[in-house]
Amino acid sequence: MKAVEAFLAAKAVALRTRLRTSLVLEEAMMNIVMHGFEQPGDQRVELAVTLPTGAVCLRLEDEGKAFDPRSAAEPTVAPSLAEAQPGGQGIPLMRRFTRSMDYERIGGRSVLTLTLDAD
Amino acid sequence: MDIAVSQVGEGAGTLVKLVLSGRLDTAGVGQIETRFTAATVAAGRDAIVDLSAVELVTSMGIRMFISVARSMSQRHRRLVLFGARDLVGQVLDTAAIDSLVPHAADQAAAVALLRR
């Protein structure tokens with residue numbers, strides 16, 4: 001995350017955009033790491049960051065299980081704390097703070113592309 | 001992520017106040033979760049959390065708040081957040097956890113929620 005933020009700062013990307021990018025990137029990475037692989041081990045995720053006009057684009061590629069985050073149902077809020085299960089907020093946050101979320105499965109690899117508006 | 005703990009009020013109405021500063025992401029939660037839990041759940045009092053100096057909350061931070069609030073609820077204690085700005089306020093709105101962990105505009109409103 002720090003390397004991504006440093007890159008964005010060097011490109012004069014506004015702080016608010018950098019924070020949203022860090023948020024979305026963390027949520028995407030957590031989903032891949034926690035749900036994408038059966039066994040711990042050599043789990044590689046390749047990240048590319050590009051800056052098309054007015055946007056920040058994150059492309060994450062991994063060899064984990066196929067999962068399209070766009071298909072995830074919206075979580076329901078538990079009626080009480082006793083019934084609340086921590087977790088499940090990552091994808092709603094990705095949806096909220098991205099302009100678009102695209103997913104492809106190419107040659108056994110998941111490719112997730114997240115585009116955020118830049119301030 | 002830094003955490004400062006103090007008390008508000010006197011006697012039976014004393015509350016624990018926590019001031020967080022920095023980022024409540026995976027790394028930030030890892031840094032403070034033990035102290036946060038000790039200062040809230042173990043303290044045996046209602047607690048308010050000042051988020052005005054927090055610049056980022058991720059789902060891991062939301063998870064920590066819910067987990068702590070649930071533990072406090074089992075001890076008949078409540079947790080109220082206040083002062084979230086900008087992106088943090090938007091994250092809390094998106095998570096829609098206000099019915100579980102209330103969020104107030106400022107300290108006075110947070111204390112008022114607990115006094116009801």
Side-chain angles (χ1 to χ4, degrees), chain A residues 1-6 8-9 13-35 43 45 56 58 69 72-99 101 114 116-119, chain B residues 1 21-31 33 36-37 40-41 46-47 51 53-81 84-103 113:
Chain A
M1 304 303 174
K2 289 183 180 178
V4 172
E5 283 206 47
L8 295 177
V13 173
L15 175 62
R16 288 199 310 181
T17 302
R18 301 201 307 265
L19 290 173
R20 287 200 307 271
T21 302
S22 289
L23 168 65
V24 168
L25 181 55
E26 170 159 318
E27 302 302 341
M29 289 293 293
M30 289 296 288
N31 264 319
I32 293 170
V33 170
M34 291 176 67
H35 304 298
Q43 302 159 350
V45 182
V56 174
L58 306 172
E74 286 292 323
T76 54
V77 179
S80 69
L81 277 168
E83 296 164 271
Q85 292 295 324
Q89 296 295 336
I91 293 176
L93 289 173
M94 288 165 58
R95 286 191 180 122
R96 168 68 174 81
F97 293 104
T98 56
R99 177 198 296 175
M101 215 165 37
L114 305 167
L116 298 84
D117 289 323
D119 290 337
Chain B
M1 166 59 57
S21 58
R23 298 188 179 192
L24 202 53
D25 53 11
T26 298
V29 169
Q31 288 168 2
E33 188 166 25
F36 188 87
T37 304
T40 50
V41 179
D46 291 337
L51 298 178
V54 175
E55 63 176 1
L56 177 64
V57 173
T58 70
S59 63
M60 290 301 287
I62 300 292
R63 177 190 289 253
M64 184 185 77
F65 289 143
I66 292 176
S67 178
V68 165
R70 187 172 61 190
S71 295
M72 292 178 71
S73 176
Q74 291 167 351
R75 294 160 175 77
H76 309 293
R77 296 297 177 186
R78 291 173 296 167
L79 180 72
V80 176
L81 314 176
R85 299 176 297 114
D86 301 328
L87 179 61
V88 175
Q90 292 170 359
V91 167
L92 292 178
D93 287 343
T94 302
I97 59 167
D98 201 61
S99 60
L100 303 177
V101 186
H103 172 240
L113 271 177

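Naming convention: chains lettered A, B, ... in sequence-line order (proteins, then strands); numbering from 1 in each chain.
Evaluation of the side-chain contact (heavy atoms from CB on, under 4.5 Å) rule for A/A72 yields A/F67, A/I91, A/R95 as partners, not counting sequence neighbours.
Taking CE of B/M1 as the reference point, atom CD of B/E55 lies at 8.5 Å (rounded to 0.5 Å). How far CG of B/L56 is from CG of B/L24: 8.5 Å, rounded to the nearest 0.5 Å. In this structure, CG on A/L23 lies 7.0 Å from OG1 on B/T58, to the nearest 0.5 angstrom.
Proximity to chain A is limited to the side chain of B/I62, based on heavy atoms less than 4.5 angstrom apart. Only the side chain of B/S99 comes within less than 4.5 Å of a heavy atom of chain A; its backbone N, CA, C and O stay farther away. The parts of B/Q90 that come within reach of chain A are both its backbone and its side chain, each placing non-hydrogen atoms under 4.5 angstrom from that chain.
Chosen from B/D25, B/V101, B/I66, the residue pairing most often with chain A at heavy-atom distances under 4.5 Å is B/D25. The residue among B/S67, B/S73, B/A95 with the most heavy atom pairs within less than 4.5 Å of chain A is B/A95.
At a heavy-atom cut-off of under 4.5 Å, chain B is reached by A/E26, A/E27, A/M30 from residues 24-32 of chain A, listed in order of number.
Between A/D119 and A/R20 there is a salt bridge, since a side-chain N of the basic residue sits under 4.0 Å from a carboxylate O of the acidic one.
Between the side chain of B/T40 and the backbone N or O of B/F36, at least one donor-acceptor pair lies under 3.5 Å. Checked by atom type and distance alone, the side chain of B/H103 pairs as donor or acceptor with a backbone atom of B/A84 at under 3.5 Å.
In this structure, A/R99 places its CZ atom where more than 12 heavy-atom neighbours from other residues, nucleotides or ligands lie under 6.0 Å away.
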